[in-house]
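A note on names: the letters A, B, ... follow the listed sequences, proteins ahead of strands, and every chain is numbered from 1. Any value given below was found using the heavy atoms of this structure, including those in side chains, with hydrogens, waters and symmetry copies removed.
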Amino acid sequence: SFTYNLVFGSLCKIGKIKGAKNLYGRMTKLGVVGNVVSYTSFIVALCREKNLVEAKMVFSEMLEKDVSPDVVTYNTLIHGFCGNGQFEDALKMVTEMIAHGINPDIVTYTTVIKGLCKERKVEEALELLNVMNHQGLHPDKFTYSILFDGLCKDGRLDDAVRLFNDMKGSGFGDDIVCYNTLIDGFCKMGDMEGAYRLFEEISEKGLERGVVTYNTLMDGYCKIGKSEVARELLCDMERCGLGPDVVTYTTLVCGYCKEGNLEQAGHLLDEMICRGLEPDGITYRVLADGIRRKGVFQEAEGLLYHSK
RNA sequence: ACGUGGGUGUA
């Protein structure tokens, strides 16, 4: 049984959902009962596939077998429902966990806050922040980054910055994801000065910029027609020992396409392939779109052929 | 022993 749980958990974790389902069936037949952890891992895997129906079934089965779900199990389902646009079901799970005497923790609150942001109910998300504070549960870097993102995407960059100052005051404020989120907020507003200020602040704080940091800033420059500046940032990131990824190149390709510079776009596509980076569907869509806009269909064949 | 939440590219 110990071994079953271990193997089962591993299968779920590495996304071998088919194998996990298989083993689950065999375990059921043999009467081997999983523990909370393996059940939860299974539910995580199902939620990742957006298979909330089966996730909920497995949840019911664990109840039938008297394996009590814990806060992690509930959080997993709540997250799954939120990510699948089933916010109401997520809330039902919250009610249910409370009814079973399991207290929502910081992850529960943060997950629901994210769900609310996704529903464009940022104001309610902020209210929930208040509620959790009242419960003595204090927001962490996850909670903050989610709220920054929600506020920025709702056009409330100023409020995000205010909240960032609160965060700094409470001793956090040194999280790279929070910086990236806010940099994106500034970029999306076209405020590259603000974005760059935060970009510099990262180093001042002794934090390390990541690939996402660069990608975000680069996209900001591309969006205002300064792809050349973005390209210089690519050199900069490499000097810092950061390897560009598909997103980096797609961002640049997109920038040049928007400027109508298909030559540079094509050159960057070559470059990324030469470096062993695989263009994905988005890369090709960006290119196809850029080419279509220019009306050079012959080039499409050339570029696509070349990239094979 | 093992399981849950955050950021970047395409209209």
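In the set B:rU10, B:rC2, B:rU4, B:rU4 carries the atom at the smallest distance from any side-chain atom of A:N75. Of the listed nucleotides (B:rG9, B:rA1, B:rG3), B:rG3 has the atom at the smallest distance from the side chain of A:D70. Between B:rG3, B:rG5, B:rU8, one nucleotide has an atom nearer to the side chain of A:V44 than all others, and that is B:rG3. The side chain of A:N35 approaches B:rC2 more closely than any other nucleotide in the set B:rC2, B:rU4, B:rU8. Closest contact between the side chain of A:H79 and the listed nucleotides B:rG3, B:rG5, B:rG9 involves B:rG5. Each of B:rA1, B:rC2, B:rG6 was ranked by its minimum atom distance to the side chain of A:V37; first place goes to B:rC2. Across B:rA1, B:rG5, B:rU10, the shortest atom-to-atom separation from the side chain of A:T143 is found for B:rG5. Of the candidates B:rG5, B:rA1, B:rU4, the closest approach to any side-chain atom of A:V72 belongs to B:rU4. Listed candidates were B:rU8, B:rU10, B:rG6. Nearest to the side chain of A:K114 is B:rG6.
Remark: A:K153 is in phosphate contact with B:rU8, judged by side-chain N or O atoms under 4.0 Å from OP1 or OP2. In this model, the phosphate group of B:rG9 is not approached by any side-chain N or O of A:K258 to a distance below 4.0 Å at OP1 or OP2. Between A:K188 and B:rG9 there is a side-chain polar atom (N or O) within less than 4.0 angstrom of OP1 or OP2.
Look at CG on A:L116: it is 14 Å from C1' on B:rG5, rounded to the nearest Å. Nucleotide B:rG3 holds its C1' atom 14 Å from the CZ atom of A:F42, rounded to whole Å. Atom P of nucleotide B:rA1 and atom CG of A:N5 are separated by 14 Å, given to the nearest angstrom. The CZ atom of A:F142 sits 6 Å away from the C1' atom of B:rG6 (whole-angstrom rounding). A:I102 places its CD1 atom 13 Å from the C1' atom of B:rU4, with the value rounded to the nearest Å. Between the CZ atom of A:R231 and the P atom of B:rG9 there is a distance of 20 Å, rounded to whole Å. A:D105 has its CG atom 9 Å from the C1' atom of B:rG5, to the nearest Å. Between the CZ atom of A:F81 and the C1' atom of B:rG5 there is a distance of 16 Å, given to the nearest Å.
A:D140 comes within 4.0 angstrom of a nucleotide base, judged by non-hydrogen atoms across all strands. Within the 4.0 angstrom heavy-atom criterion, only backbone atoms of the sugar-phosphate kind lie near A:V286; the bases stay farther away. Across all strands shown, A:T110 has heavy atoms under 4.0 Å from base atoms, whether or not it also approaches the sugar-phosphate. Among the atoms of the strands shown, base atoms are found under 4.0 Å from some heavy atom of A:T73. Among the protein residues, A:T108 comes within range of no part of the nucleic acid, since none of its heavy atoms lies under 4.0 Å from any strand. Among the protein residues, A:V36 comes within range of the nucleic acid bases, having at least one heavy atom under 4.0 Å from a base atom. Here A:T216 lies in heavy-atom contact (under 4.0 Å) with sugar-phosphate atoms only. Counting non-hydrogen atoms under 4.0 angstrom, A:V253 reaches nothing in the nucleic acid. Base engagement by A:C178 is indicated by at least one non-hydrogen atom pair under 4.0 Å involving a base atom.
A donor and an acceptor atom sit less than 3.5 Å apart, one in the side chain of A:S145 and one in the base of B:rG6. The base of B:rG9 is paired with the side chain of A:T250 by a donor and an acceptor separated by under 3.5 Å. No N or O donor and acceptor, one from the side chain of A:S41 and one from the base of B:rG3, sit under 3.5 Å apart.
Between A:K223 and A:D219, at least one side-chain N (NZ, or NE/NH1/NH2) sits under 4.0 Å from a carboxylate O, which counts as a salt bridge. Note on A:E123 versus A:R156: salt bridge recorded, some NZ/NE/NH1/NH2 to OD/OE distance being below 4.0 Å.
A:D245 places a side-chain N or O within 3.5 Å of a backbone atom of A:V247 that can act as its donor or acceptor partner.
Around NZ of A:K226, the count of heavy atoms belonging to other residues, nucleotides or ligands within 6.0 Å does not exceed 12. Within 6.0 Å of atom CD in A:E238, more than 12 heavy atoms from other residues, nucleotides or ligands are found, so the atom counts as buried in its surroundings.
Using cut-offs of 30° and 60° on the angle between ring planes, the pair A:F164 and A:F148 is perpendicular.
Annotation: side chain of A:K168 is not in contact with side chain of A:D174 (no heavy-atom distance under 4.5 Å).
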